[in-house]
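See structure below.
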Amino acid sequence: VQLAESGGGLVLPGGSLRLSCAASGDLSRTNAMAWFRQSRGKSRELVSGISNGGSTYYADSVKGRFTISRDNAKKTVYLEMNSLTPEDTATYFCTAGHTLASRVRAGNIADDDMDYWGKGILVTVSA
């Protein structure tokens with residue numbers, strides 16, 4: 001399985017970006033996808049997750065601003081990011097793994113739960 005992120009870049013505060021994560025290969029052993037992010041000097045954090053059944057999770061810091069969705073036919077997951085602030089500046093990683101839908105809803109997704117990781121894509125929010 002390979003994951004390829006796209007859609008990052010530089011955006012003004014208050015702006016929007018849509019990240020895409022295209023998966024290739026056999027995803028049959030996975031049932032959840034998630035976005036993590038890591039900014040300079042900080043530990044990696046879970047931003048949002050979605051199960052195959054559509055259960056979703058959002059970190060408090062992005063709730064109401066970010067929306068995760070998936071197109072199973074295209075094997076693609078999206079992260080729509082609105083009202084971006086400089087605190088959203090980070091490298092965003094797309095991941096895929098296998099975990100309970102209840103854990104996805106609770107945001108109880110550890111790095112070790114996700115078997116596949118993209119290379120990451122940089123999002124910079126700055127004036």
Side-chain angles (χ1 to χ4, degrees):
V1 174
Q2 291 189 321
L3 304 174
E5 303 98 339
S6 62
L10 175 64
V11 63
L12 294 171
S16 299
L17 280 177
R18 185 197 197 200
L19 301 183
S20 298
C21 172
S24 59
D26 183 7
L27 291 172
S28 62
R29 292 178 180 267
T30 67
N31 67 350
M33 298 189 75
W35 290 93
F36 288 78
R37 69 184 180 186
Q38 186 166 23
S39 50
R40 189 174 299 179
K42 296 184 179 180
S43 57
R44 189 159 54 198
E45 63 172 340
L46 174 66
V47 176
S48 182
I50 186 167
S51 69
N52 278 4
S55 295
T56 59
Y57 166 81
Y58 297 97
D60 287 343
S61 58
V62 306
K63 199 171 296 182
R65 301 187 298 121
F66 290 14
T67 303
I68 191 170
S69 61
R70 64 189 299 165
D71 184 332
N72 290 332
K74 294 183 178 180
K75 294 199 289 186
T76 300
V77 173
Y78 305 97
L79 187 67
E80 184 76 34
M81 306 185 295
N82 298 312
S83 302
L84 287 161
T85 73
E87 287 68 39
D88 296 313
T89 295
T91 297
Y92 285 71
F93 297 90
C94 175
T95 68
H98 190 278
T99 187
L100 297 173
S102 58
R103 294 187 62 186
V104 173
R105 287 194 296 272
N108 186 13
I109 304 173
D111 290 12
D112 291 347
D113 292 326
M114 310 312 282
D115 299 313
Y116 306 103
W117 289 70
K119 293 181 179 179
I121 192 163
L122 181 62
V123 170
T124 303
V125 185
S126 175

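- A salt bridge links Arg103 to Asp113: at least one charged side-chain nitrogen sits closer than 4.0 Å to a carboxylate oxygen.
- The aromatic rings of Phe93 and Trp117 lie perpendicular to each other, with more than 60° between the two planes, well past the 30° mark.
- Val1 places none of its side-chain heavy atoms less than 4.5 Å from the side chain of Arg29.
- For the pair Ile68/Tyr57, no side-chain contact is recorded, criterion being any heavy-atom separation below 4.5 Å from C-beta on.
- With rounding to the nearest 0.5 Å, the separation of OG1 in Thr67 from OH in Tyr78 is 14.0 Å.
- Here the side chains of Met33 and Cys21 are in contact, with some heavy-atom distance below 4.5 Å.
- Within 6.0 Å of atom CD in Gln2, 12 or fewer heavy atoms from other residues, nucleotides or ligands are found, so the atom counts as exposed in its surroundings.
- Remark: Thr76 OG1 to Leu3 CG distance equals 10.0 Å, nearest 0.5 Å.
- Inter-residue side-chain proximity for Asn52 and Arg70 is flagged as met; some heavy-atom pair is nearer than 4.5 Å.
- Only one option out of Gln38, Glu5, Arg37 pairs with Tyr92 in a side-chain hydrogen bond (donor to acceptor under 3.5 Å, both in side chains); it is Arg37.
- Contact annotation: the side chain of Phe66 approaches that of Leu84 to within less than 4.5 Å [non-hydrogen atoms, C-beta and beyond].
- Side-chain atoms of Arg105 do not come within 3.5 Å of backbone N or O of Ser51 as any donor-acceptor pair.
- Neither Val77 nor Ile109 shares a network with the other; the hydrophobic side chains, linked directly or stepwise wherever heavy atoms of I, L, V, M, F, W or Y lie under 4.5 Å apart, form separate groups for each.
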| How far apart are the C-alpha atoms of Ser83 and Arg65, what are their side-chain angles, what is the distance that settles it, and do they pass the side-chain hydrogen bond (donor to acceptor under 3.5 Å, both in side chains) test? | CA-CA 6 Å; Ser83 302; Arg65 301 187 298 121; over 6 Å; no
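- Grouping the Ile, Leu, Val, Met, Phe, Trp and Tyr side chains by contacts below 4.5 angstrom, directly or via other members, places Ile121 apart from Leu46.
- No side-chain heavy atom of Ser48 sits under 4.5 Å from any side-chain heavy atom of Thr56.
- Residues Ser16 and Asn82 are in side-chain contact: their nearest non-hydrogen atoms beyond the backbone lie under 4.5 Å apart.
- At least one side-chain heavy atom of Arg44 sits less than 4.5 Å from a side-chain heavy atom of Asp111.
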